[in-house]
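The structure under discussion is supplied below as structure tokens; questions concerning it will follow.
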There are 2 protein chains.
Amino acid sequence: MEKIQPRSLYLEVADRIRDLIEQGSLLPGEKIAEKALCETFGVSRTPLREALKVLTSEGLVENLPNRGSRVVRLTRRGVKNTYDVMGALEGLSGELACQHLTDADIEEIRRLHQLMLGHYQRQELAPYFEVNQQIHERILAASNNDVLIEMYNNLSQRVKRIRYSVEMGSANWAKAVADHEAMLEAIEARDGKRLGDILRAHLGHKLEVAAVSGIIDEE
Amino acid sequence: MEKIQPRSLYLEVADRIRDLIEQGSLLPGEKIAEKALCETFGVSRTPLREALKVLTSEGLVENLPNRGSRVVRLTRRGVKNTYDVMGALEGLSGELACQHLTDADIEEIRRLHQLMLGHYQRQELAPYFEVNQQIHERILAASNNDVLIEMYNNLSQRVKRIRYSVEMGSANWAKAVADHEAMLEAIEARDGKRLGDILRAHLGHKLEVAAVSGIIDEE
DNA sequence: TTTCCGTATTATGAATTCATTATTCAAATT
DNA sequence: AATTTGAATAATGAATTCATAATACGGAAA
């Protein structure tokens, strides 16, 4: 029997606004009109404002006193900072994961890796990213550290709105794939230190790609 | 001329509650009675509840639907997880700091280091911790990465309520001081990689100490 | 006595109301 | 014409009110 989970309205609303930001319905820098959102969601201002406060402390929204809320702008520098931290967290996830990964986990990662290689060879960008992310999620989950997972997901959410350009440089792409080859080797050897180092370095490549997208403001 | 900064009430309240948790007036697991807090702060429930939601997404408070809020309990495992992540973040801060530290910064850190050594030799625990923390803060600030600083401060806040036992094992203490010696060397050599590694390893020692304190629950 | 049930009380969740601060826009002054 | 002033409007901030769910309590039944 499934337990019914009473969920607060403000959490529901926060999820919905997160979606709107992620999919680009609410653009960076855009002012968030409370009244309008209340009507679209069919709730009063109280839970909506509570949700906005949560999103503010998550770094997705900013609150200007007496002047309402707006979606935070992504700056090149801010995105770089975010990726740097995500890299450090991924590095830790790799080190920890090697302590917990079961043989079945590794087999599953190997499978995903091969799948990803196929997408790379056929130059299928979207499916490639999809599987790529699944691999990183597996490693993250295997870290067995919920604080780490929480932090990473928060940062990840902040940069999710960046739509990676289809024109990912082929050199970058090749480098990323090579990183993944090395990762798999480290995982199979359960060499946490090495996996950590690879992962810490791995995220660097994404940045230049991101900068191409139009969402990022120069400061 | 100083600009006057209008600050939202809910932020003020959140600060105050954070203080209460940090100083132990609100204990882990304790239920937070909204009405009572409203009276002590002299505000209505609206800003107080908004503050509680912020603290919830900061990981200091948990929200049970229809049953109010409580201060999150610290488990041994949770504290370990938090320290692991803080270690990773400190490691990054070290790497980045070496790219930005000025000669004056390093001179200042050297000064603090000597100060700290003095407290160690005289076995003055509280002042030692004080200066110790200042050193880490200097490095963190020099990272020039505000996302990193924000994340670190959040995690730091979560474990601040742990009062370190006066009986810090002398072996641990000696090890910590030795780490700091190595840190200073790496800083003077501006060897980011090395400093990062030292910092990543450094935080491990605090855990056993923390476990002694009575605030931590076994799960 | 212990357990169960139902009512009374209290606390929380959410909507509404009120107060205050920005914003808009037209008129007046330079 | 450009800038400034001030009233009208709209939006936000916070208190209050209302609805609903949880808790506490007291009596009845086993």
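So that the names make sense, note that chain A is the first sequence line, chain B the second, and so on, each numbered from 1.
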Note to self: So does A/N81 get a backbone contact from the side chain of B/N145, meaning a donor-acceptor N/O pair under 3.5 Å?
What the structure shows: yes
Notebook entry, point to check: Starting at CZ of B/R7 and ending at P of D/dA14, how long is that distance when rounded to a whole Å?
Noted result: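 To the nearest whole Å, that distance equals 11 Å.
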Checklist line | Rounded distance (nearest 0.5 Å) linking atom CG of A/D84 with atom CG of B/L89 | finding: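 Reported value, rounded in 0.5 Å steps: 11.5 Å.
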Next item on the list: Enter the distance from B/I139:CD1 to B/H100:NE2 here, rounded to the nearest 0.5 Å.
Entry: 13.5 Å
Note to self: Measure CG/A/L48 against P/D/dA14 and give the value in whole Å, please.
What the structure shows: 16 Å
Note to self: Keeping B/D179 on the side-chain end and B/A176 on the backbone end, is there a donor-acceptor pair under 3.5 Å?
What the structure shows: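 Pair absent, no side-chain N/O of B/D179 close to backbone of B/A176.
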Next item on the list: Report the distance from atom CD of A/E50 to atom C1' of D/dG13, rounded to the nearest whole Å.
Entry: 13 Å
Note to self: Tell me which residues in residues 51-60 of chain B lie within less than 4.0 Å of DNA chain D, going by non-hydrogen atoms.
What the structure shows: none
Item checked: Distance test, side-chain N/O of A/T46 to OP1/OP2 of C/dA14, below 4.0 Å ->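 Indeed not, no polar side-chain atom of A/T46 lies that close.
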Notebook entry, point to check: Between atom CD in A/E34 and atom P in C/dT16, what is the gap in whole Å?
Noted result: 15 Å
Checklist line | Listed partners of B/H180 passing ring-ring contact (aromatic ring centres under 6.0 Å, His included), at least two apart | finding: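 Testing B/H180 for ring-ring contact (aromatic ring centres under 6.0 Å, His included), a comparison that skips the adjacent residues, returns B/H136, B/H202.
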Margin query: Check whether B/T75 reaches the backbone of B/G78 with its side chain - one donor and one acceptor, N or O, closer than 3.5 Å.
Written below: yes
Protein and nucleotides 6-9 of chain C: nitrogen or oxygen contacts under 3.5 angstrom:
none

Check: residues 13-22 of chain A side-chain donor-acceptor pairs under 3.5 Å, at least two apart:
from	atom 1	to	atom 2	distance (Å)
A/D15	OD1	A/R18	NH1	2.6
A/D15	OD2	A/R7	NH2	2.6
A/R18	NE	A/E58	OE1	3.0
A/R18	NH2	A/E58	OE1	3.4
A/R18	NH2	A/E58	OE2	2.9

Notebook entry, point to check: Should the pair B/E150-A/R158 be classified as a salt bridge under the 4.0 Å nitrogen-to-oxygen rule?
Noted result: yes
Check: Rounded to whole angstroms, how far apart are CG on A/L9 and P on C/dT12?
Finding: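 To the nearest whole Å, that distance equals 18 Å.
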Next item on the list: May I ask you to test the B/N154-A/M151 pair for a side-chain heavy-atom distance under 4.5 Å?
Entry: yes
Next item on the list: Measure from OH on A/Y10 to C1' on C/dA15 and round the result to the nearest Å.
Entry: 18 Å
Margin query: How many whole angstroms separate atom CG of A/L37 from atom C1' of D/dT12?
Written below: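 Atom CG in A/L37 sits about 14 Å away from atom C1' in D/dT12.
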Check: How close or far is atom P of D/dT12 from atom CZ of A/R70, stated in whole angstroms?
Finding: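 Roughly 11 Å, once rounded to whole Å.
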Margin query: When you compare the side chains of A/N153 and A/S156, does any donor N or O come within less than 3.5 Å of an acceptor on the partner?
Written below: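 On atom types as modelled, these side chains do not qualify, holding no pair under 3.5 Å.
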Pairwise N/O distances under 3.5 Å, protein to nucleotides 17-23 of chain C:
from	atom 1	to	atom 2	distance (Å)
C/dT21	O3'	A/N66	ND2	3.4
C/dT23	OP1	A/R67	NE	3.0
C/dT23	OP1	A/R67	NH2	3.0

Margin query: Quick test of your reading: applying salt bridge (Lys or Arg N to Asp or Glu O under 4.0 Å), list the pairs with at least one residue in residues 125-145 of chain A, sequence neighbours left out, ordered by first then second residue.
Written below: A/E108-A/R138
